[in-house]
2 protein chains.
Amino acid sequence: MPAQDNRCESDPVDPARACTVREALDRVGGKWSIGILIAASTGPVRFTELERRVEGISRRMLTLTLRNLERDGLLVRRVHPTVPPRVEYTATPMARELYESLVAIHRWAERHREAISAARVAYDREHAVVKTTPPV
Amino acid sequence: MPAQDNRCESDPVDPARACTVREALDRVGGKWSIGILIAASTGPVRFTELERRVEGISRRMLTLTLRNLERDGLLVRRVHPTVPPRVEYTATPMARELYESLVAIHRWAERHREAISAARVAYDREHAVVKTTPPV
DNA sequence: CCGTATCCGACACGATACTG
DNA sequence: CAGTATCGTGTCGGATACGG
């Protein structure tokens, strides 16, 4: 995947030479994007809440991914000037169009993670150091 | 995004400790996975045909991604012992469950690539070397 | 036609420490 | 609470060359 820091290589000033489909997909394809987008699609979510909901993410990656999603117009960041600070992230309408598909993919992964794991084991066994029907 | 060469960190022998959802998603999240899976979901596709359909992919990355998808049980690789060789890739039923979502996401990217590009330009302009209302 | 091998630069990502 | 700064490692992925 691609880069969290990815940007369109095409001249950004010319709208006709906008992101390619692949470049647009990179934002969704990131390691943490799907989880974050799902969490932020049902309503505003605070930073720490995201940190809890997206299991395994580091503070750094959460920040970076949030910034990139914001930059691409998929998330809106709202800062409440209170103390302690309160920052909320919300999916934009454009991002919310992805919600159904994202959830579908997420559930697919849940359904099949064991099958995938098993497939890997089987594949690795068969393709391990050419050992087909060993002699005697 | 994690590795093309990614594997479940959990003990693969214990089915209860199968891939996490995130690990399962990595396979779909790869730079080229979506394009390849879409192409292979409507029927068997040959190697060279994929090379044409998935725009911009290198031969190396095509091979690597195909191997990984095969390893995870998302693709079946069939070799016809003819000359010249003929190799066909087909999405498994498990992978085909993703088809609708994948196509939806792909179309989403097509629809919004200009908006995303524009959002990037706007964001970069505003966040460029703190230059808000420059003096004189 | 369908790959594999190797080299190598660019980041993605995690760990850790510090802050308004 | 919500970040940022810095460092280190892994590996993604392109370029190139070769092979059955």
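Quick note: numbers below take in every heavy atom, side chains included, and nothing from hydrogens, waters or symmetry partners. Residue numbers begin at 1 in each chain, while the letters A, B, ... track the order of the sequences.
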d(CZ, B:R78; C1', C:dC1) in whole Å: 17 Å
A:R107: side-chain hydrogen bond (donor to acceptor under 3.5 Å, both in side chains) partners, not counting sequence neighbours: none
Residue closer to the 5' end of DNA chain C, A:S58 versus B:P84 (nearest nucleotide): B:P84
Gap between atoms CE and P, on B:M61 and C:dC8 respectively (whole Å): 19 Å
Quick one: which protein N/O atoms are closer than 3.5 Å to N/O atoms of nucleotides 2-6 of chain D? Pair and distance per line, please.
from  : atom 1 : to    : atom 2 : distance (Å)
D:dA2 : OP1    : A:R46 : NE     : 3.0
D:dA2 : OP1    : A:R46 : NH2    : 3.1
D:dA2 : OP1    : A:V87 : N      : 3.3
D:dA2 : OP2    : A:T48 : N      : 2.9
D:dA2 : OP2    : A:T48 : OG1    : 2.3
D:dA2 : N7     : A:R59 : NH1    : 3.4
D:dG3 : OP1    : A:R67 : NH2    : 3.0
D:dG3 : OP1    : A:R77 : NE     : 3.3
D:dG3 : OP1    : A:R77 : NH2    : 2.6
D:dG3 : OP2    : A:Y89 : OH     : 2.7

Protein-nucleotide distance (A:D26, atom CG; C:dC13, atom P), rounded to Å: 11 Å
A:R113 charged N/C atom sitting above A:W108 aromatic ring, 6.0 Å / 45°: no
Value rounded to 0.5 Å, distance of OG1 in A:T90 from CD in A:E70: 11.0 Å
Whole angstrom value for the distance that separates C1' of C:dC2 from NE2 of B:H80: 13 Å
Value in whole Å for how far the P atom of C:dT16 lies from CG of A:L62: 18 Å
Whole-Å gap separating P (C:dG14) and CG (A:L64): 10 Å
Length of the line joining B:L50:CG and C:dG3:C1', which is rounded to integer Å: 13 Å
Straight-line distance of B:L37 CG to B:L102 CG, nearest 0.5 Å: 6.0 Å
Nearest-Å distance for atom pair CD/P, residues B:E70 and C:dC2: 15 Å
Considering all heavy atoms, the nearest B:A119-A:G73 contact: CB-N, 3.8 Å
From CG (B:L66) to CG (B:N68), nearest 0.5 Å: 9.5 Å
